[in-house]
Amino acid sequence: MLPNDFYMQPTKTVAEQLLGKQLTRIWRGKKLSGIIVETEAYLGLKDKAAHAYGGRKTERTKAFYLPGGHSYIYLIYGMYHCFNVVCGDETRPEAVLIRAIQPTMDIENPTNGPGKLCRELKIAKPLNGLPLNAPPIFIEDIGINIHKCDIKRGPRIGIDYAQEARDWALRFWIRNNAFVSRN
DNA sequence: CCCATGATGCCCT
DNA sequence: GGGCATCATGGGT
């Protein structure tokens with residue numbers, strides 16, 4: 001498992017360092033696993049694309065304010081879920097969206113998008129706010145090292161409404177990886 | 001290739 | 001009531 005300190009680094013760093021880590025969901029006795037290949041950082045207070053922008057705290061965004069290393073999961077477009085890793089402490093409501101994984105175990109369908117990977121890993125509201133260091137969902141370092149030169153970055157997807165934050169290069173992905181949502 | 005649209009439910013002002 | 005951190009599909013160029 002990743003130590004708690006890992007999630008207390010600057011959120012951009014966490015987003016980069018999560019590339020190559022393994023996400024595992026235990027479901028009906030099976031291990032559903034994949035390597036994280038694409039992420040996006042969301043920087044609460046100053047980031048107009050983030051649900052916690054300006055410190056907004058509602059029933060939905062509560063988990064955003066948990067200590068780093070917990071999940072933040074929400075429903076989008078009435079039919080998909082998005083899975084985030086909370087970073088920092090309650091004074092720094094930030095998170096990393098997991099946008100794509102490369103399947104390693106017991107996954108049959110594509111996971112090259114935030115909605116699709118949640119569908120495949122059976123990630124939904126009941127897992128919201130859980131720590132990510134124990135079943136039923138956890139992230140671990142399995143010894144894959146991604147070279148700095150193999151990490152690409154660019155603007156985030158689907159946040160054109162976010163004014164100046166629209167152009168911030170907070171999306172990270174592994175270069176030439178076939179399982180990212182887009183290059 | 002690009003752009004437009006519908007599905008569908010909840011959140012938030 | 002408007003809009004959304006998405007996806008699949010269908011049509012035009």
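A/Leu75 comes within 4.0 angstrom of the backbone, heavy atoms only, and of no base.
If you measure from atom CZ of A/Arg182 to atom P of C/dC7, you get 9 Å, rounded to the nearest angstrom. Atoms CD (A/Glu38) and C1' (C/dA5) sit 12 Å apart, rounded to a whole Å. As a whole-Å value, the separation of A/Asp160 CG from C/dC4 P is 10 Å. Atoms CD1 (A/Ile123) and P (C/dT6) sit 15 Å apart, rounded to a whole Å. Remark: P of B/dC12 and CD of A/Glu59 are 9 Å apart, rounded to the nearest angstrom. Residue A/His81 contributes atom NE2, which lies 10 Å from atom C1' of B/dG9 at whole-angstrom precision. Here C/dG3 presents its C1' atom at 13 Å from OH of A/Tyr74, a figure rounded to the nearest Å. Following rounding to the nearest Å, A/Leu117 (CG) and C/dC7 (C1') show an atom-to-atom distance of 13 Å.
Under the salt bridge (Lys or Arg N to Asp or Glu O under 4.0 Å) test applied with A/Glu38, the options A/Arg171, A/Arg156, A/Arg153, A/Lys116 reduce to a single match, A/Arg171.
A cation-pi arrangement, defined by a distance under 6.0 Å to the six-membered ring centre and an angle within 45 degrees of its axis, is absent between A/Lys57 and A/Phe64.
Look at A/Tyr161 and you'll find a side-chain N or O under 4.0 angstrom from OP1 or OP2 of C/dA5. OP1 or OP2 of C/dT6 has at least one side-chain nitrogen or oxygen of A/Arg99 nearer than 4.0 Å. Side-chain N/O atoms of A/Lys125 include none lying less than 4.0 angstrom from OP1 or OP2 on B/dC10. The shortest distance between the side-chain N/O atoms of A/Arg60 and the OP1/OP2 oxygens of B/dC10 is not below 4.0 Å.
Of the listed nucleotides (C/dT6, B/dG9, C/dA8), C/dA8 has the atom at the smallest distance from the side chain of A/Arg119. With C/dC7, B/dA7, C/dA5 as the candidates, the nucleotide lying closest to the side chain of A/Tyr80 is C/dC7. Set against B/dC11, C/dA5, B/dA7, the side chain of A/Met79 has B/dA7 as its closest nucleotide. Taking every side-chain heavy atom of A/Arg56 into account, B/dT13 is the closest of B/dC11, C/dA5, B/dT13. Taking every side-chain heavy atom of A/His51 into account, C/dA5 is the closest of C/dA8, B/dC11, C/dA5.
Side-chain rings of A/Tyr74 and A/His81 stay apart, their centers remaining 6.0 Å or farther from each other.
No hydrogens or angles considered: a donor-acceptor pair under 3.5 Å links the side chains of A/Tyr72 and A/His51. A side-chain N or O of A/Tyr42 and one of A/Glu40 form a donor-acceptor pair less than 3.5 Å apart.
With a cut-off of 3.5 Å on both Watson-Crick or G-U wobble distances, the partner of C/dA5 is given as none.
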Verdict with reasoning, A/Asn112 to A/Arg99, per side chain to side chain contact (heavy atoms under 4.5 Å, CB included): CA-CA 7 Å; A/Asn112 60 334; A/Arg99 282 196 59 87; over 6 Å; no

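Position along DNA chain B of the nearest nucleotide to A/Thr61 versus A/Gly78 favours A/Gly78 as the more 5'-ward residue. Nearest-nucleotide mapping onto DNA chain B: of A/Thr58 and A/Tyr77, the residue sitting toward the 5' end is A/Tyr77.
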